[in-house]
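Quantities reported herein were computed from a predicted structural model and do not represent experimental measurements.
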Amino acid sequence: MSHIRSPQLPGPTPAPDDDTALEDAAPPEREAVTETTAEAEEPEAEAEPEELKPEEPEAGKPEPEAKPTSEPEPEAESQPAPEPDPEPGPRPEPESQPTPSPVAPPSGWRTRHPRAARAVTWTVTGLAIALVMFALLVPNDMTNIEVGRFLRIPAEGILVAALLLVLPPRARRVAVVVVGAVLGLLVIVKVLDMGSYWTLDRPFDLVLDWILLDDAQSFMKDSLGGAAAQAATVGVIALVLALPVLMTLAVVRISRLMVRNRHTASRTLLVLGTAWITCSTLTLEVADIPVASHSAATLVENRIEAVSDGLKDGEAFEKQAAVDAFADVPPDQLLTGLRGKDVLITFIESYGRSAIDDPQMGEPLGETLAQKTKELEQAGYASQSGWLRSPITGAGSWLGHSTFLSGLWIKNQSRYANLVASDRLTLTEAFRRTGAWRTVGIVPGTQKTWPEGKYFGLDHIYDSDQLGYQGPKFSWSTMPDQYTLKAFEELEHGKKDREPMMAEIILTSSHNPWAPIPSTIPEERIGDGSVYHSLQKAEGKDPKEVWKDPSNVRDEYRKSIQYSVTSLVDYVAKYGSKDTVLIFLGDHQPNKTVTGDNPSHDVPVSIVAQDPEVLEKIADWGWTDGLKPADDTPVWRMDKFRDRFMTAFGPQGAGNP
């Protein structure tokens, strides 16, 4: 019998599939029926007589309804019991029902522009890989940045990629965030190191150097202007916040790519690992740069050790500071060889050995030093000069000042803080303790409260506000050196019937960025400094233009040293006397733009006096006559000067401690 369903008798509606039950909850537009497909269609047969037993229906099928006997008709198809479909999907509809419209394919930007979509995908992936490689391979010193360093194989990248590949999904999601954040912080540390190497010729101290960021912001303000400095500061902060996020997104993208292509990624990592081991074993190099790199891990290891050493350094410094050969010397026995003298201890900002040794700067500065030596001799003075090794270079003047005065190696901010909180005897405090000198400080670069001044034993401190200057700033310097010395003469040194004095004078016109530089003018024109407004506009150079060319930077630096030395020597030659003793020196070398790579930390130091007995007491120091030390003049560490000086001018006379 042919199993043909009557169009008037549709079968029961099938039960909805479990996965699509919610979608089918709405009333259907039409009922679906299921056709029998279990067996082939049989030939049509005539109806059986009534007396014969009807054919047994299939299990689970309803019994067919009776048909009229007047005319044979096909028997209605038995309907199966409703069962869940083995597979979800559209069902065939009866011929009497309309065919549903096909679902439209998704229409998005990627579908409409597949080639552009693929290009964007590959570009973003390439940028993610480049960003991670940059973080791992970029050096932390700008002078070492070269193409060859980015062609190395980073061991850290291979190991981390292998770890992400084998981790389960949940652990991998956590790991990519951690790795991305660490890479972002690694780049931030490297950028800090770049700035520190450029200015201080050493890596950034993660424990002690944060105070220097304020000085860096002030430098940008003086060099670029307030608006530009503020914009740069905002940009740096935004970059610091964005780097960990960008690195995390890059690691996430690379991780997903590896997981989707696990087989290819595994083989690639195996090849790279083998190549790294081979290059490391054979010490293969490209342009003197090892191909096998582990610089990121080395940097992290060194930084952890530096932090640990920095924390331990405080204890070691306290032990050193406790040993002081002059702590218990009675005041009446201190500095007896200088009683009755006016002692001027003067620091010239950034006056370093490079200013004398560099061919571009040394020749014109040498001529200035020779000329000023002759002028001093004509005024009745003699001079001797040597070299001191400063604990710092590029910046951090107060560390050099405190090293010179305390006799301790003040190489970082922690040591400085411990020093000023101690009772260590400084050279300036020794003068005050005797009661034989009035001690003053001339510090035009101090624009804020300076509580540490009391520690250094200064009876009075003249900062930028108390010096009475009414002119413009010259870059970082609040006033020209010529004005600073004139103010010192009027406020202290030129007073009648005064007692002997010891003055610590800081000259700042040679401070970075060395533009604009004030010009030497007749003293009678200086006044309250207002004259410098017109002079600065007429003669001053724009630091942004100067810093476009390192050669111009060195040239302007040299001019600033010439200006400071000239201002100081002219002042002493005019206002000094037979009782004047001048000690002047640099506090540190300038930054790498001037000195080049791997500069020494040496600075020149000179002692000038009319009284021949003063220089006789230092005759065994081996210094050079005049204001320019010879190349073979002995070099002392700066912290050794205090003891040698106090010994030479103490009751026992000249000699070494």
Minimum heavy-atom distance [X]-[Y], with the two atoms named:
X: P513; Y: W547; answer: O-NE1, 3.0 Å
X: L186; Y: A296; answer: CD2-CB, 3.9 Å
X: L269; Y: L165; answer: CD1-CD2, 4.2 Å
X: R152; Y: S293; answer: NH1-OG, 3.6 Å
X: T248; Y: A181; answer: OG1-N, 3.5 Å
X: K544; Y: K548; answer: O-CG, 3.3 Å

Indicate yes or no: does R303 engage D193 in a salt bridge with an N to O separation below 4.0 Å.
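A salt bridge is present here (some side-chain N lies under 4.0 Å from a carboxylate O).
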So, K541 and D555, do they make that salt bridge, N to O below 4.0 Å?
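No, no charged N to carboxylate O under 4.0 Å.
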Are [X] and [Y] side-chain neighbours, meaning at least one heavy-atom pair lies under 4.5 Å?
X: I356; Y: W387; answer: yes
X: L585; Y: Y351; answer: no
X: V189; Y: N140; answer: no
X: W514; Y: R558; answer: no
X: N412; Y: L399; answer: no
X: L257; Y: N261; answer: yes
X: E156; Y: P154; answer: yes
X: E305; Y: N302; answer: yes

Is the side chain of [X] donor-acceptor paired with the backbone N or O of [Y] at a distance under 3.5 Å, no angle test?
X: S196; Y: L192; result: no
X: S390; Y: H601; result: no
X: R353; Y: S600; result: no

For side chain to side chain donor-acceptor pair (under 3.5 Å), just list the numbers for T446 and D463, CA-CA rounded to whole Å, side-chain angles, deciding distance to a tenth of an Å, and then say yes or no.
CA-CA 5 Å; T446 300; D463 59 18; over 6 Å; no
Does any donor atom in the side chain of [X] or [Y] lie under 3.5 Å from an acceptor atom in the other side chain?
X: W398; Y: Q413; answer: yes
X: S519; Y: E539; answer: yes
X: E349; Y: S397; answer: yes
X: Q447; Y: S464; answer: no

Please report, to 0.1 Å, the donor-acceptor pairs under 3.5 Å made by any side chain of residues 306-316, with sequence neighbours excluded.
residue	atom	partner	partner atom	Å
D313	OD1	R415	NE	3.4
D313	OD1	R415	NH2	2.8
D313	OD2	R415	NE	2.9

Would L408 and F317 satisfy side-chain contact (heavy atoms from CB on, under 4.5 Å), going step by step from the backbone distance to the final call?
CA-CA 9 Å; L408 293 172; F317 178 73; 3.8 Å; yes
Using the rule given for side chain to side chain donor-acceptor pair (under 3.5 Å), can you reason through D141 versus T143, listing the C-alpha separation, both sets of side-chain angles and the distance that settles it, and then say yes or no?
CA-CA 5 Å; D141 186 347; T143 60; 3.0 Å; yes
Checking D587 now: which residues fulfil salt bridge (charged side-chain N to carboxylate O under 4.0 Å, His left out) with it, not counting sequence neighbours?
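In terms of salt bridge (charged side-chain N to carboxylate O under 4.0 Å, His left out), with neighbours along the sequence ignored, D587 is linked to no residue.
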Does D597, at its CG atom, have more than 12 non-hydrogen atoms belonging to other residues, nucleotides or ligands within less than 6.0 Å?
yes
Within a reach of under 6.0 Å around CZ of R637, are more than 12 heavy atoms found that belong to other residues, nucleotides or ligands?
yes
Going by the rule ring pair (Phe, Tyr, Trp, His ring centres under 6.0 Å), which residues pair with [X] if we only count those two or more places apart in sequence or in a different chain?
X: H588; result: none
X: Y469; result: Y483
X: F404; result: F347, F641

Do the rings of Y532 and F474 sit parallel, tilted or perpendicular, given the 30° and 60° boundaries?
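Perpendicular.
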Go through the steps for M361 and I561 under the test side-chain contact (heavy atoms from CB on, under 4.5 Å), then give the verdict.
CA-CA 10 Å; M361 301 180 288; I561 298 297; over 6 Å; no
Please output the side-chain donor-acceptor pairs of residues 122-139 that fall under 3.5 Å, not counting sequence neighbours, one pair per line with the distance.
residue	atom	partner	partner atom	Å
T123	OG1	A119	O	2.7
T125	OG1	T121	O	2.9
T125	OG1	R253	NE	3.0

Evaluate V251 against L164 for side-chain contact (heavy atoms from CB on, under 4.5 Å), listing each step before the verdict.
CA-CA 10 Å; V251 175; L164 295 178; 4.0 Å; yes
Taking it one step at a time, do S510 and S560 satisfy side chain to side chain donor-acceptor pair (under 3.5 Å)?
CA-CA 5 Å; S510 53; S560 73; 4.9 Å; no
